[in-house]
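Encoded as structure tokens, the structure appears first; notes follow it.
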Amino acid sequence: MKLHVRPERAADRDSIWKLHAEAFPTCAEADLIDRLRHDGDAVISLVAIFDGNIAGHVLFSKMRSPGGFLGLAPVAVRAAYRRQGIADALIREGLARAKAQDWVGVFVLGGDSYKRFGFDPALAAGFRSPYSGPHLMVLPLRRERMNTRSGPAEYARALADL
Ligand SMILES: CC(C)(COP(=O)(O)OP(=O)(O)OC[C@H]1O[C@@H](n2cnc3c(N)ncnc32)[C@H](O)[C@@H]1OP(=O)(O)O)[C@@H](O)C(=O)NCCC(=O)NCCS
């Protein structure tokens, strides 16, 4: 069956919580998503439907600073569905929606696999963050509006508290 990525619906929320609780060692990421929604910081929340089931989920939340930027986290795919490009499809769809919504750029904290989407640690190097270093990366969506290259990079409160 074909993979389908769509925005989350209210009826998906329990499945999304369970998916993250199973994908990560603790319930912290699952609870984090509930809190980001509650705080009004969840901006783009997408599910991947495969074989009629929710196979994966990604969330993009509003950064406290710099203005106009989103943070990508968390992303998870159910173990049985991994290594088929589902996370890749979720992230690409999220980035396309972020660009269409006119966000300036997206931060992520992660490894080299994010570089294929265009995330660049060099572009994040000027930002001040507890996560500063090679794992903090930025993807510019609107290069012409990315005039902020320094200052604090602060994730939404729920993410920062994690
Ligand atoms: C990390 C995670 C989301 C990846 O999900 P996924 O759907 O397996 O990801 P993808 O299939 O898009 O890509 C995974 C790898 O499989 C490769 N891949 C993609 N399609 C493939 C295919 N058809 N055949 C073989 N490999 C493939 C990708 O190139 C990628 O390689 P990389 O790890 O070297 O970058 C998933 O493993 C997970 O939920 N882990 C637990 C939670 C977690 O750690 N989340 C990330 C931090 S927030």
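As the structure lists them, so they are numbered: ligands from 1, and atoms in each ligand from 1. Note that the numbering runs from 1 along the sequence shown for the chain.
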Item to complete: With heavy atoms only and a cut-off of under 4.0 Å, state how Gln84 meets ligand 1: side chain, backbone, both or neither.
Response: backbone
Specify the protein heavy atom at minimum distance from [atom]: its residue, its atom name, and the distance to 0.1 Å.
{"atom": "atom 14 (C) of ligand 1", "result": "Arg83 NH1, 4.3 Å"}
{"atom": "atom 11 (O) of ligand 1", "result": "Gly85 N, 2.7 Å"}
{"atom": "atom 6 (P) of ligand 1", "result": "Ala87 CB, 3.6 Å"}
{"atom": "atom 37 (O) of ligand 1", "result": "Arg82 CD, 3.2 Å"}

Enumerate the atoms of ligand 1 whose separation from the nearest heavy atom of [X] is less than 4.0 angstrom.
{"X": "Phe24", "answer": "42 (C), 43 (C), 44 (O), 45 (N), 48 (S)"}
{"X": "Ile86", "answer": "7 (O), 11 (O), 12 (O)"}
{"X": "Ala76", "answer": "3 (C), 39 (O)"}

Worksheet item: Can you tell me if Arg116 has a non-hydrogen atom under 4.0 Å from ligand 1?
Response: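 So Arg116 counts as touching ligand 1.
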Item to complete: Would you check whether Ala23 reaches within less than 4.0 Å of ligand 1, judged by its heavy atoms?
Response: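 Heavy atoms of Ala23 do come under 4.0 Å of ligand 1.
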Shortest non-hydrogen contact from [X] toward [Y]:
{"X": "Val77", "Y": "Arg82", "value": "O-NE, 2.8 Å"}
{"X": "Met63", "Y": "Ala153", "value": "CE-C, 4.1 Å"}
{"X": "Val138", "Y": "Pro140", "value": "O-CD, 3.9 Å"}
{"X": "Trp17", "Y": "Cys27", "value": "CH2-SG, 3.7 Å"}
{"X": "Gly56", "Y": "Leu90", "value": "C-CD1, 3.6 Å"}

Worksheet item: Rounded to the nearest 0.5 Å, what separation is found between the OG atom of Ser61 and the CD1 atom of Ile33?
Response: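 Here the rounded value is 10.0 Å.
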Item to complete: May I ask you to check whether Phe107 and Phe127 place their ring centres under 6.0 Å from each other?
Response: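 Phe127 vs Phe107: aromatic centres under 6.0 Å.
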Worksheet item: What orientation do His20 and Phe24 show, parallel under 30°, tilted 30 to 60°, or perpendicular over 60°?
Response: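 Correct class here is parallel.
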Worksheet item: Between Asp14 and Lys18, is the closest basic N to carboxylate O distance under 4.0 Å?
Response: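 Salt bridge flag = no for Asp14 with Lys18.
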Can you find a protein heavy atom under 4.0 Å from [atom]?
{"atom": "atom 1 (C) of ligand 1", "value": "no"}
{"atom": "atom 35 (O) of ligand 1", "value": "yes"}
{"atom": "atom 9 (O) of ligand 1", "value": "yes"}

Fill in: Identity of the nearest option to atom 48 (S) of ligand 1, non-hydrogen atoms only, from Val75, Leu90, Asp88, Val77
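Closest candidate by heavy-atom distance is Val75.
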